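Structure record follows, encoded as structure tokens.
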Amino acid sequence: MPKNPAFLEIYRCLSLCYGRRNWWPIVRDGVSLYLPEFLARPRTPEEIFEIAVGAILTQNTAWKNVEKALAALEKSELLSARAILAASDADLAEAVRPAGYYNQKTKKLKLFARRITDELKGNIFALSQKGPEKSREWLLSHWGIGPETADSILLYGFSFPFFVVDAYTRRSFSRIGLLPNNAAYTSIQRTFHENLEFDPTLWREYHALIVELGKDTCRSSPFCNRCCLATRCKSAEQGTASAP
DNA sequence: CGCCAGGTTGTTG
DNA sequence: CAACAACATGGC
């Protein structure tokens, strides 16, 4: 199957529009850092664990709130499987609280830390030794980790070739006309996999750029009049979908 | 104030 | 299997 060049063209367009995102951020001293030099090397096990925690915390939640929670976890030295297991539910929940759904997320983190400890000898990096597919199955078998959370950990933590699909991806690309309206996660991901050569930096940035697009112009009520993709977007034609 | 955030799980028809 | 509720805080 020949690739649809639109996928790479849209990436280039978003890249020009929004610039480099340098995802995934790492929290240091309470601040999310987006550093290019950080992307130039593989993640450390500590960073991978933090990415996993952030990926769980950001489920249906604004990153701003996740940032507060991560900062609180950092301050309480709760950014390791060992520390999370040792902490009381109450203490962990207090740090997680700003990210919302704190009871659920506290439980997810506890269970996650428990499995990392029991099945991976406390080192999340050991997961990658299973290879991409087995790593994904391991994550998906976990209560509280669905496809987007798993793929975020796999792509941003391990550089494994899984495109991260989120609500913004579904919304924007169905508006553009490159995806059907209510496509399933797997189907959307397959479309991206089929139309983009794997390049970890490109795939990471692409997802980050789609999030930026979704927050900037392609909102639930979109601003098509100032969207950099308007000329190639089916939904923005004739300005029919422009906001008031 | 109401809507929406970088989803996932459980329940029901 | 699709549709829907539950989960919760904080920014705009």
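Every chain is numbered from 1 and lettered A, B, ... according to where its sequence line falls, protein lines coming before strand lines. Everything numeric in this text was worked out from a predicted model, so none of it was measured.
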Discussion item. Under 4.0 Å from OP1 or OP2 of C/dC12: is there any side-chain N or O of A/Lys64 that close?
Written reply: no
Worksheet entry | Phosphate OP1/OP2 of B/dC4: any A/Arg171 side-chain N/O under 4.0 Å | no
Discussion item. If the cut-off is 4.0 Å, is A/Tyr101 near the phosphate of B/dG7, judged by side-chain N/O to OP1 or OP2?
Written reply: no
Discussion item. Categorize A/Ser152 for me: base, sugar-phosphate, or nothing, with a 4.0 angstrom heavy-atom threshold over every strand shown.
Written reply: nothing
Fill in: Residue A/Trp143, side-chain heavy atoms: nucleotide from B/dG7, B/dT9, C/dG11 that is nearest
B/dT9
Worksheet item: Counting distance only, does the side-chain N/O of A/Arg136 pair as donor-acceptor with the main-chain N or O of A/Pro132 below 3.5 Å?
Response: no
Discussion item. Under 4.0 Å, counting only non-hydrogen atoms across every strand here, what does A/Ile56 touch: a base, just sugar-phosphate, or nothing?
Written reply: nothing
Discussion item. I want to check one thing: is the phosphate of B/dG7, taken as OP1 and OP2, less than 4.0 Å away from some side-chain N or O of A/Thr149?
Written reply: no
Discussion item. At 4.0 Å (heavy atoms only), tell me whether A/Arg97 reaches a base, stays on the sugar-phosphate, or touches nothing.
Written reply: sugar-phosphate
Discussion item. Taking only side-chain N and O atoms of A/Trp63, does any of them lie within less than 4.0 angstrom of OP1 or OP2 on C/dG11?
Written reply: no
Fill in: B/dC3 and C/dA5, which share atom name P, separated by this distance in whole Å
15 Å
Worksheet, complete the sentence: Among C/dG11, B/dG7, C/dT9, the one nearest any side-chain atom of A/Lys68 is C/dG11
Practice prompt. Return the minimal non-hydrogen interatomic distance between A/Trp63 and A/Ser32, and the atom names on each side.
Written response: NE1-OG, 3.2 Å
Worksheet item: Among the nucleotides B/dA5, B/dG7, C/dT9, which one has an atom lying closest to any side-chain atom of A/Glu148?
Response: B/dG7
Discussion item. One thing to verify: whether A/Arg114 and A/Asp118 come together as a salt bridge, which I'm taking to mean a side-chain N less than 4.0 angstrom from a carboxylate O.
Written reply: yes
Worksheet, complete the sentence: Judged by nearest nucleotide, the residue sitting upstream toward the 5' end of DNA chain C, A/Asn182 or A/Pro98, is A/Asn182
Discussion item. By nearest atom, which of the nucleotides B/dA5, C/dC7, C/dG11 is closest to the A/Gln104 side chain?
Written reply: C/dC7
Worksheet item: Any side-chain N or O of A/Asn103 under 4.0 Å from OP1/OP2 of C/dA8?
Response: yes
Worksheet item: Starting at CD1 of A/Ile188 and ending at C1' of B/dG7, how long is that distance when rounded to a whole Å?
Response: 13 Å
Practice prompt. Can you spot which of A/Asn60, A/Thr106, A/Thr61 makes a side chain to side chain donor-acceptor pair (under 3.5 Å) with A/Tyr101?
Written response: A/Asn60
Practice prompt. For C/dA5, give its Watson-Crick or G-U wobble partner with both distances under 3.5 Å, or none.
Written response: B/dT9
Discussion item. Counting the atoms with a prime plus P, OP1 and OP2 as sugar-phosphate, which does A/Ala167 contact under 4.0 Å by heavy atoms, base, sugar-phosphate, or nothing?
Written reply: sugar-phosphate
Item to complete: Examine distances only and state if a side-chain atom of A/Thr117 and a backbone atom of A/Gly122 form a donor-acceptor pair shorter than 3.5 Å.
Response: no
Worksheet item: Distance between the P atoms of B/dT11 and C/dA8, in whole angstroms?
Response: 16 Å
Response to the item:
Separation of B/dT9 atom C1' from A/Lys105 atom NZ, nearest Å, is 14 Å
